[in-house]
There are 2 protein chains.
Amino acid sequence: MGESERHDLVVVGAGPAGMTAGMYGVRSGLDTLILEKGISGGLSNEAPEIENYPGFDRIGGMELASKIKEHVSRYVVIRELEKVVAIEASPEGDMVVTSDKDSYRTKAVVLCTGTRHRRLGVKGEDAFLGKGVSYCATCDGFFFKNKPVAVVGGGDSAAREALYLRKLGCMVTLIHRRDKLRAEPYLQQKLEEAGISIRWNSIIKEIRGDKVLRSVIIDTGGVESELAIAGLFVSIGEEPNSELAKEMGVSLDPHGYIITDRSQRTNLKGVYAAGDVTGGVRQVVVACAEGAIAALSAYNDLL
Amino acid sequence: MGESERHDLVVVGAGPAGMTAGMYGVRSGLDTLILEKGISGGLSNEAPEIENYPGFDRIGGMELASKIKEHVSRYVVIRELEKVVAIEASPEGDMVVTSDKDSYRTKAVVLCTGTRHRRLGVKGEDAFLGKGVSYCATCDGFFFKNKPVAVVGGGDSAAREALYLRKLGCMVTLIHRRDKLRAEPYLQQKLEEAGISIRWNSIIKEIRGDKVLRSVIIDTGGVESELAIAGLFVSIGEEPNSELAKEMGVSLDPHGYIITDRSQRTNLKGVYAAGDVTGGVRQVVVACAEGAIAALSAYNDLL
């Protein structure tokens, strides 16, 4: 084994947060490297169209991610298909980042590892992703204005998604596997006031359509029925990709999201986090902002 | 006087934060109005070029502001040249926003009133703005890479600007009116280590050049000298435009910036703040993100 490459800053993950952190790192004079286990763009690649990233009226999620990648690549190297498997403090006071391909020494790390959607795991879910199946009403709800949609889930997040869609004029059915919601009573009352019908004790068996989603097959206590909808919003939870952070000893909240202060610092010296893995509103512009702040904090701390 | 116009959300200020808040407000189903005392864009209009707003390689500050304005104007009305002079709680539980032209009833307010630069007030300062005179090294420093520049000021911010520019390879002179810096000792040591020369007891008398800045005339204890530089970074402080907030009873920090939580809520119910008036790193993408978060918080609170 030769000597490890040395950097000032290693960014883990090349979604909008990580890419922006990398650019700000280099622009602050830090020798910065981004490592990405898959391809750049993160979950923004999944958004069929993004209409609320300021400056772009309407752009495909993948196209926006690709524009940001092109932009930041003027400054920073992104190594794709390279998965970080461990980050450990070294006796010399810096850190050793070990990937499935190499290892690196660095003074600071920004964790931008994002989240993954909890999926239903039913037929049609992959096929109609972006063609009716969505995991984010704030992102995609506007495209279903005044149309019939269903939301799957029973927590605060599902209730909020349902209310958000109702406010956009959608006819909303909430589908929940139990006979009561976990959502707070206040939200439940709002659901009732908004006239949102709830299918209790119900699970989705299958998602059907042609070029786009047309209906779902619902199993209600053993009885199957078909519900015609234009959109299905799956809101059964996100899972932060925070396993690496946890192994490092980074403090997580009860849901597994990384806890940071407003400067994106974690509890560990030299370790910052940005984007969806820190929780929050899951918007591209917010992830970018957190990435920028994290890199500037690293720069200030290394000064 | 007729009945006041009624809205769910009034945004004060149409810089990047306010414009984004307006768009997110409308997209969340809130009847939203933006009031701007001057023209849209805020201080971003002053940045000669912005290279670090993710998605745009290089764009004039005014051009970016104009793109964002065009974008958000698909959703929200911006009334320019209308200055808000008071916001008061009404007996009915909502708020009355009074401008120099009209008055409005609203359930929620987002304050995006920004900051103003403290200026030197010397000859040439206006003429060379964007042609060598800058108020933000993080924004503009990259354009002066490896060139001679001066920073005016003696606080943490001036020291950080000087170090930032030095790291970019600039030959940096720090010009300070007193015989010692206010900047923290740690930063002062860094300045020394970085070989940044300091002109003590010195003030700028005049900024000179032709198409671009070429030099400054410095008065050091009554003796004038000329210093050839490509860039002059004025870092003698920002002043938050928080007078309106203060009158409303919004909590400010010791420097006059509005205090918010991570959801951009202030201490007052229904009152949110976003962008430079809340302090922080003064980057367009961060202002946009805070605007988005503020509007989503207003939406959630009004639910």
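Protein chains get the first letters and strands the later ones, always in sequence-line order, with residue 1 at the start of each. Keep in mind that what you see is a predicted model, and the values were worked out from it rather than measured.
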Indicate the atoms forming the closest heavy-atom contact of B/Y24 with A/V285, along with that distance. OH-CG1, 4.2 Å

Side chain, backbone, both or neither of B/L163 within contact of chain A (heavy atoms, under 4.5 Å): both

Could you look at A/L64 and say if it's the side chain, the backbone, both or neither that has a heavy atom under 4.5 Å from chain B? neither

Among B/L168, B/N52, B/I68, residue most engaged with chain A (heavy-atom pairs, under 4.5 Å): B/N52

If you take all heavy atoms of B/A289 and A/V286, which pair is closest and at what distance? CB-CA, 3.6 Å

Salt bridge check: are A/E51 and B/R27 linked by an N-O gap of less than 4.0 Å? yes

Do B/R160 and A/L303 have side-chain heavy atoms sitting under 4.5 Å apart? yes

Taking C-beta and beyond as the side chain, do A/R262 and B/T260 meet within less than 4.5 Å on heavy atoms? yes

Output the option from A/G55, A/S28, A/A287, A/G29 having the highest count of non-hydrogen pairs under 4.5 Å with chain B. A/G55

So which of B/Q283, B/E290, B/K67 has the largest heavy-atom pair count under 4.5 angstrom toward chain A? B/Q283

So what's closer than 4.5 Å to chain B heavy atoms on A/S73: side chain, backbone, both or neither? neither

For B/V72, which atoms come within 4.5 Å of any heavy atom of chain A: side chain, backbone, both, or neither? neither

If you count the non-hydrogen atoms of other residues, nucleotides and ligands that lie under 6.0 Å from CD in A/E70, is the total more than 12? no

Kindly give the heavy-atom pair with the smallest separation between A/D57 and B/R74, and that separation in Å. OD2-NH1, 2.9 Å

The interface call for A/Y75 against chain B, heavy-atom contacts under 4.5 Å, is side chain

Counting distance only, does the side-chain N/O of B/H71 pair as donor-acceptor with the main-chain N or O of A/R58 below 3.5 Å? no

Heavy-atom check, side chain of A/Y164 versus side chain of B/N300, under 4.5 Å: no

Check the orientation of B/Y53 and A/Y53. Use parallel for under 30°, tilted for 30 to 60°, and perpendicular for over 60°. tilted

Under 6.0 Å from the CD atom of B/E192, do we count more than 12 heavy atoms belonging to anything else shown? no

Which atoms of A/D156 are under 4.5 Å from chain B, going by heavy atoms: the side chain, the backbone, both sets, or neither? neither

Residue part contacting chain A, namely of B/Y299, when any heavy atom lies under 4.5 Å: side chain

Using 0.5 Å steps for rounding, measure from the NZ atom of A/K167 to the CG atom of B/L30. 5.0 Å

